[in-house]
Amino acid sequence: MPARSGAQLSRRVGQKKQRLSEAERSRSLPDVARTPSPEEPCSGPHTCLGPPATTGPQRSIYFLSPKDHPARLGSEFFDQPGVRLARALLGQVLVRRLADNTELRGRIVETEAYLGPEDEAAHSRGGRQTARNRGMFMKPGTLYVFIIYGMYFCLNVSSQGDGACVLLRALEPLGGLETMQRLRSTLGKGASGRALKDRELCNGPSKLCQALAIDKSFDQRDLATDGAVWMECGPPGPKPAVVAAARVGVSRAGEWAQKPLRFYVRGSPFVSVVDRTAEQMQA
């Protein structure tokens, strides 16, 4: 009896040592040799390709990266001089979340810089501040939305400098195109019944506001914190060739009408107005 008990104990000790040895070998294998189970959280080299655990404007699955950093552009991005911001905005993505949680996306392909009190084409020329243009004097990243022709809206983003901002002139539609079509048909010239081409959805400052359902209620909102409109980093890749040209519709601004303060992505079919002369000079 004691001999059999000793044998059983020896067998148990041997089994325990074997389990410990197998566990040790498993831990010593590199991570890449293991495949995570569906319940295992993604970490290390196991990069999740699906949606993040927490959705919302801070984390868009459209721009997931291996490091899974938030893609939303913060206040520090907008805190730069107007011309620099106008160029930096090219390629970034404007996102609009509707009340039903539909997200509309467009890559910025055309902008105009307005440089504040000295700029004869700016609404802040001469340093005048009004209830209408207050957004231009607020912190960088604040939206300034104004009305033209009594019915159309234009979207601007404030930059460094009192009264300075950047007008968003055109987008390349990326997501929610069917909804953009519907909104443009309801609010814009598309009401004639003709289906708009993709390049016609956002190729103008008022058109992009129609396509994204942006109106005066967005005036003075903060792009860095708002839940219905924000900007995300554009997808990685080479920087696009940029054309600098005169702004559109500012012919009464004297010498400022000819300053090359409009910037657009060369070759983009989504730009509102192509300046062939400027392109040839900058070729």
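Here, residue 1 is the first one in the sequence, and each next residue gets the next number.
For the atom pair CG of Leu94 and CG of Leu89, the computed distance is 9.5 Å after rounding to the nearest 0.5 Å. Taking CD of Glu103 as the reference point, atom CG of Leu174 lies at 12.5 Å (rounded to 0.5 Å). Once rounded to the nearest 0.5 Å, the distance linking CE of Met136 with OG1 of Thr130 reads 9.5 Å. Atom CD1 of residue Ile214 and atom SG of residue Cys154 lie 11.0 Å apart, to the nearest 0.5 angstrom. Atom CZ of Phe263 sits about 14.0 Å away from atom CD1 of Ile108, to the nearest 0.5 Å. Rounding to the nearest 0.5 angstrom, the gap separating the CZ atom in Phe137 from the CD atom in Gln129 is 4.0 Å.
Put simply, the side chain of Leu143 reaches to within 4.5 Å of the side chain of Leu155, judged on heavy atoms. Looking only at side-chain heavy atoms (C-beta outward), Asn156 and Val166 stay at 4.5 Å or farther from each other. In this structure the side chain of Leu104 reaches within 4.5 angstrom of the side chain of Leu183, judged on heavy atoms. Considering only heavy atoms from C-beta on, Glu279 comes within 4.5 Å of Tyr264 through its side chain. The shortest distance between side-chain heavy atoms of Cys209 and Tyr152 does not fall below 4.5 Å. At least one side-chain heavy atom of Cys233 sits under 4.5 Å from a side-chain heavy atom of Gln92.
Minimum heavy-atom separation, Pro240 to Val265: CB-CG1, 3.7 Å. For the pair Phe218 and Ala213, the tightest heavy-atom approach, listed with the atom from each and the gap, is CE1-O, 3.6 Å. Taking every heavy atom of both residues into account, Ala245 and Asp275 meet most closely at CB-OD2, 3.7 Å. In terms of heavy atoms, Gly82 sits closest to Ala113 at O-CB, 3.9 Å. Closest approach of Met180 to Ala211, counting heavy atoms only: CG-O, 3.6 Å. Heavy atoms only, all atoms of each residue included: His123 and Asn133 are closest at O-ND2, 3.3 Å.
Sorted by first and then second residue, the side chain to side chain donor-acceptor pair (under 3.5 Å) pairs with a member in residues 244-260 read Asp119-Arg247; sequence neighbours excluded. Screening residues 157-176 for side chain to side chain donor-acceptor pair (under 3.5 Å), with sequence neighbours left out, gives Asp79-Gln160, Arg107-Glu172, Glu110-Arg169, Arg169-Ser272. Pairs engaging residues 74-96 under the ring-ring contact (aromatic ring centres under 6.0 Å, His included) rule: none recorded [sequence neighbours left out].
Counting heavy-atom neighbours within 6.0 Å of Arg134 CZ, excluding the residue itself, gives a total of 12 or less.
Cluster membership check: Val243 shares its hydrophobic cluster with Val274, using side-chain heavy-atom separations under 4.5 Å among Ile, Leu, Val, Met, Phe, Trp and Tyr. Under the 4.5 Å side-chain contact rule for hydrophobic residues, Met231 and Val242 share a cluster. The hydrophobic cluster containing Ile147 also contains Val157, counting ILVMFWY residues as joined when their side-chain heavy atoms lie under 4.5 angstrom apart, directly or transitively. Linking Ile, Leu, Val, Met, Phe, Trp and Tyr whenever their side-chain heavy atoms come within less than 4.5 Å puts Leu98 and Leu177 in one cluster. Taken together through direct or relayed side-chain contacts under 4.5 Å among Ile, Leu, Val, Met, Phe, Trp and Tyr, Val248 and Val271 form parts of separate hydrophobic clusters.
Remark: Asp219 pairs with no residue by the side chain to side chain donor-acceptor pair (under 3.5 Å) rule, at least two apart or across chains. With sequence neighbours excluded, no residue satisfies salt bridge (Lys or Arg N to Asp or Glu O under 4.0 Å) with Arg87.
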**OP:** May I have the step-by-step check of side chain to side chain contact (heavy atoms under 4.5 Å, CB included) for Leu212 and Leu171, ending in yes or no?
**Re:** CA-CA 10 Å; Leu212 271 61; Leu171 306 176; 4.1 Å; yes
**OP:** Give the intermediate values and the outcome of side chain to side chain contact (heavy atoms under 4.5 Å, CB included) for residues Asp222 and Lys139.
**Re:** CA-CA 9 Å; Asp222 185 354; Lys139 75 171 190 173; 3.0 Å; yes
Original post:
Under the side chain to side chain contact (heavy atoms under 4.5 Å, CB included) criterion, do Lys207 and Leu196 qualify, and how do the steps go?
Top reply: CA-CA 11 Å; Lys207 293 177 182 179; Leu196 296 172; over 6 Å; no
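Between Arg105 and Glu232, at least one side-chain nitrogen of the basic residue sits less than 4.0 Å from a carboxylate oxygen of the acidic one, meeting the salt-bridge criterion.
Arg221 contributes no side-chain N or O that, together with a main-chain N or O of Gly227, makes up a donor-acceptor pair within less than 3.5 Å. At least one donor-acceptor pair closer than 3.5 Å links the side chain of Arg184 to the backbone N or O of Glu200.
Applying the 4.5 Å side-chain rule to ILVMFWY residues, one finds Tyr114, Leu167 in the same cluster as Val250.
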